[in-house]
Structure formats: C-alpha cells, structure tokens
Amino acid sequence: MSNIGLDFGTTYTCGCFRHDSGYQTMKSREADSGAPKPTMAVQLDGGMRYATEAESAFLDMYYDPKRDKVFTGFKMMLGHMGDREIVISRGYEESGSLSPVAIAKGYIRNYLETAVQYLPDQSIDTVVVGVPQIWYDNPKTISGIDCLSAILEEIKEELAFKKIRVESEPTLACAHFAHEYKRRVNQDFCGKVILIDYGGGTLDINICEARLHGRLCEIKLLAQAGRGFSASDQVGQAGLAFMERVVRIAKEETSYTEANVRYCTHRLESYLMNNSQEIERRFARSGGRKLSSLKDELVVLNDGTWITYGMLAQSYEEIIEPVLKEALEEIDAKAKGIGVDIHDVKSGVNFQIGIVGGFANFCLVRKQIEKYLGGVGEADDPRYRGFKKMDLTGRERAIAYGAALVANEEVRICPTFPYSFGIAREGGDQRHMAFEFGNELEHNKPNYINYKGSNVPIRFDIHKIPRLYFDSTGAGNAICQAPVESCREVFDNIGGECNIGFSLDEKECLTLWIKRANGNVEKRKLPDIWNLFGKRTGGQ
C-alpha cells in the first residue's frame, strides 16, 4: 500500500509517493514525466476532461467557447460557496455538476484514479492533502476546508482508502525542508524556519520550529501571516489575480468578456512558466529604469493580445507588492514576539529561510523577499542553506513532497491550537483561558478552568477575528446566530461552581467537560457547527 501526499493547488496540482530511491511525483499516464498537472477542467461536448487532458483540449483548440466551458481556480471557489454572485461570476453554477464542489471532486478523484495505476503496488492507503494556512483564519475560508474535507471523505469511501486528511501547506513544505536539510547537510536541523509559500491563490508565511520527537523530526507552527481573498472578496491576492490583472491591462482599450480574460490568463500562465529565466534576465537588464515603463513585447496571445514586460511590472506593483510587503511586516512583528530576528544573516545555523510555491518562482517576488530580509541573496546567504539548491521545480513540488513525508510518518506535524479560547469573568475582560493560540494539543484530554455559576459569558478569541462570545441566554456577539442557537442547550443547566473543561477530538470537534465537586464528570459534545472553530494548524 502507498501513502501519498497531494498538493491540490489553485493553478497546478502535484502528487508524490515514497519509492525505493526516494520520493517521486505521480504519473497519470506512461509517458508522463510526473510534472505538476494544471488544476483545470473543460466541459467538452457535454463531457468533462481534467488536468492534462483538459489543457490539451483547451490549447489544441478543440475547445469552442460558444459550446464548451473551461473551469480554473475552483479550489479557491470552495471558500465562496455561500456567495452565489461570486460563484456565478466566475463561470460556475451554484449547485449541480458544474458547481465548484462537484468539479473539485471530479478533478481530485480523476487525478488519484489515473495516477494509482502507476504506483509500484497500485493501491493507496493514506493521503495527506495540503490546504492554505490562511484558510484557517477566516470563517468563510474555514467553510472551504469543510467543503474540501467532505469531498476527500467521499473520495476515500469510493476509492477504498483507509485515511485521508488535510494539513497546512506551508507546514508541509517545512517538513520537506527539514528532510532536505538532513539529506544535504547530513545532520538533523533543530531550529526555526520562515517558510514563504506564494501560490496561485494565496500567500502564506509561517514560522515553524523543527525539533526531534524521539527519532522523528517534528514540525510545530509558532507564528503565521498571509493573505487570501482581496478586500472585495474576489479572487485572491496571488498569482492568479496578478495574471488576470496583466490581461486586463493589455485589454484596457478593447472590449472583452470575463471568460475571455480567463482564457488569456491561462495562455499567459503557460508562457510565464516556460520562460521564467528569460523574463528574469530581461528585468535584470532594465538599467535602473522604472520596470512598468518597459515596452518590450513579451508575448502575443492567440487572440492577438500583446503582453509587455511593463504590463507585468505594473500588475505586480498594483496587486502583489503592497500585499507581500504588508504580510512580511506582519510576520516580522510576530517573529520579534517569539524572539526571532528574520533580518539577522548570522542566525543561519538556527534559522533558515524557505521560499516555495509556483508564484514564488516569479523573479519580482523573490527580489522583493530578498530585499526585505536583507543578506546577500539565496546563492550565498547561510539562512538559505537548507534550500540552497532548490530550483524552480523544487519550489513547485515542496508541499507535495512534505505531504508524502507526513503520510509516510517520516516527519510528524505537532497538533497546535489555532485560536485562544476561554471564559470571561463576570464584570471584567480578564479571562480564564482553556487554550491559547499555538498550544500543543493532546486529543480528548480536557483543559479545566473554574466556573462560578450560570450565564457567565463564554468568549472565543479567534485568531485575527475580534472577540466572539455568547452566553447561555443567547446574548452576545457572534459571527452568525447559528452557534448561539445550536449550543444553548449544551451550556444550559451547568449549575453552580464546578470545573469545566474543553477538548478537541480527532474529528476536530469540541467537547464540554463538567467536573462536579464530588468528582463526577459529565461530557457534552458540542454540535457540528463548532467545526467552524475546531480547525487546527497542526496534524493529527
């Protein structure tokens, strides 16, 4: 049985499995190189094609825009399933076979089904799938994790896998980093890593700690920052939004449809991936000129749209530069809070830098990161030692490799709590904390706090979300009314003074524990709605 890792990306997907000679990417046909597959689907003549087959039909002009439909970015749409207007505007249906959920399931199922026949034993036991760390920070995108988890559970049953679960993408990439460091340097890395993962849909920046857990390497999340959807809740602040903006700049003086923008975006993406080194050399030869002034023609797309280097730079300055700057400043402040100086070049022995994700291959991204972190560049900076020879391919596949390591239990991810949680004292803001952000978790083991009487507000301080609380009467301030209504019974009739505790189980659901003065313990499972707050940053 094989245990595999899957990086289900916004624009590209990559699977990886353990082989005698190390870790290898998964094929989907005999002649396949195992390179990442485009995360796209095409409805052609009423049938659906996925990944490489979809791209071939699309690029070889079998695709007829009047008859057929192309779907990209459906991973991001999983976090928008409650926003009908956005889902429809991106070319999907709200439900049915052309919804983001249905297409995502069809894509992942097809990927695993076609790839399994080229595994050494042609069967799969465990699958670990990466999701953006930033998805854990927003109630809307947490629902995207729920959608993806449900999709994976259905696929697990249909394909008879034993276990399938999701984990944070940058934390998985850090697992790959630690494994690579030991392979290259021939010693375990025990220290901290800033892992910058810039993909097609999201930006994640994690500071993790690598340490030994017995004989295994263990990764623990210490701090994180990043960006997901834009302020207008449209497509995110990453590679896909950047490329769509390039196309819109190129088409400013012509009429175009949203479908046409997405068509041109995919053509542009293919060109950028295949010509990244030449683009980097051209920007390096700019002679100090403002990059957005460069008129050199980069490529002409099939519909006659010209793209210039200046358009790339203009889009970068508008869409990416301020977002990346803001996220780097945020992680910088958090790093100082845990005693890490991300600018200290001399800290290379115990502090390393990893840059991964497909969009991190874009030269302007790496240049901005390098400038902010200081130092002498990736080639000679000791903080890049573990990823010193990480090429473009390595950046694209780091998450899949890390997921495979975790699936094969060669690296462990430490379960940690993603938000602070406790009970407020009556008449004041001081709280008895049951959990705090980053605390290590032991499943089904309650953390007890003292509780004096009924109707004491239960306050949830969610990471990056202002205080959310309710009490047993339903009063309070909540993201939505559902948690208040569905949990009122759980907190009714607790009684007088006692110890109450909270725990998470392996399914990420909260349980309330009530310990009476006589030693009796009562357990009350909170309803499924509390999955909204039961998401972890670490593993199981």
Heavy-atom closest pair, residues [X] and [Y]:
| X | Y | answer |
| --- | --- | --- |
| A360 | V365 | CA-CG1, 4.1 Å |
| A102 | S97 | CB-O, 3.7 Å |
| L203 | A327 | CD2-CB, 3.6 Å |
| E169 | D7 | OE2-OD1, 3.9 Å |
| E113 | V116 | O-CG1, 3.3 Å |
| V406 | A175 | CG2-CB, 4.2 Å |

Of the options L195, T171, D197, which is the one that meets Q133 in a side-chain contact (heavy atoms from CB on, under 4.5 Å)?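 So, applying the side-chain contact (heavy atoms from CB on, under 4.5 Å) to Q133 and each of L195, T171, D197, only T171 qualifies.
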Under a 4.5 Å cut-off applied to non-hydrogen side-chain atoms, are [X] and [Y] in contact?
| X | Y | answer |
| --- | --- | --- |
| L222 | K192 | yes |
| E396 | N361 | yes |
| I219 | C208 | yes |
| L98 | Q43 | yes |
| F17 | T25 | no |
| R282 | D296 | yes |
| F74 | I103 | yes |
| Q224 | N206 | yes |

Restricting to ring pair (Phe, Tyr, Trp, His ring centres under 6.0 Å), what partner residues turn up for [X], sequence neighbours left out?
| X | result |
| --- | --- |
| H179 | none |
| F359 | Y198, F242, F362 |
| F283 | Y309 |

Full working for side chain to side chain donor-acceptor pair (under 3.5 Å) between Y401 and E180: CA-CA 10 Å; Y401 282 126; E180 279 294 287; over 6 Å; no
For the residue pair F189 and F177, categorise the inter-ring angle as parallel (less than 30°), tilted (30 to 60°) or perpendicular (more than 60°).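 Judged by the thresholds at 30° and 60°, the geometry between F189 and F177 is perpendicular.
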Distance (rounded to the nearest 0.5 Å) between [X] [atom1] and [Y] [atom2]:
| X | Y | atom1 | atom2 | answer |
| --- | --- | --- | --- | --- |
| I307 | E297 | CD1 | CD | 11.0 Å |
| R165 | S149 | CZ | OG | 11.5 Å |
| L298 | L268 | CG | CG | 7.0 Å |
| Q314 | S293 | CD | OG | 11.0 Å |
| L148 | I145 | CG | CD1 | 8.0 Å |
| I164 | I124 | CD1 | CD1 | 8.5 Å |

Salt-bridge present ([X], [Y]; N to O < 4.0 Å):
| X | Y | result |
| --- | --- | --- |
| E330 | R227 | yes |
| R267 | E269 | no |
| K367 | E370 | no |
| E317 | K290 | yes |
| E252 | R248 | no |
| E280 | R366 | yes |

Would H343 and Y372 count as a close aromatic pair, with their ring centres under 6.0 Å?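 Yes, close enough.
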Taking [Y]'s backbone N and O only, do any of them form a donor-acceptor pair with [X]'s side chain (distance below 3.5 Å, no angle check)?
| X | Y | result |
| --- | --- | --- |
| T265 | V261 | yes |
| Y316 | L364 | yes |
| N274 | S270 | yes |
| S315 | M311 | no |

Applying side chain to side chain contact (heavy atoms under 4.5 Å, CB included) to L373 and Y384, what does each step give before you reach the verdict? CA-CA 11 Å; L373 297 176; Y384 294 91; 4.1 Å; yes
Cut-off 3.5 Å, side chains only: do [X] and [Y] have a donor facing an acceptor?
| X | Y | answer |
| --- | --- | --- |
| E94 | S99 | no |
| T11 | T39 | no |
| K251 | T305 | yes |

Yes or no on side chain to side chain contact (heavy atoms under 4.5 Å, CB included) for I413 and V411, after CA distance, side-chain angles and deciding distance? CA-CA 7 Å; I413 295 178; V411 178; 5.6 Å; no
Intermediate values then yes/no, side chain to side chain contact (heavy atoms under 4.5 Å, CB included), E55 and H266: CA-CA 9 Å; E55 185 177 56; H266 190 78; 3.3 Å; yes
Derivation and outcome, salt bridge (Lys or Arg N to Asp or Glu O under 4.0 Å), residues R383 and D381: CA-CA 5 Å; R383 296 172 299 171; D381 194 320; 2.7 Å; yes
Candidate pair V101 and L78, rule side chain to side chain contact (heavy atoms under 4.5 Å, CB included), full reasoning: CA-CA 6 Å; V101 172; L78 296 179; 4.0 Å; yes
Within 6.0 Å of CD in E85, more than 12 heavy atoms from elsewhere: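 Incorrect, the count does not exceed 12.
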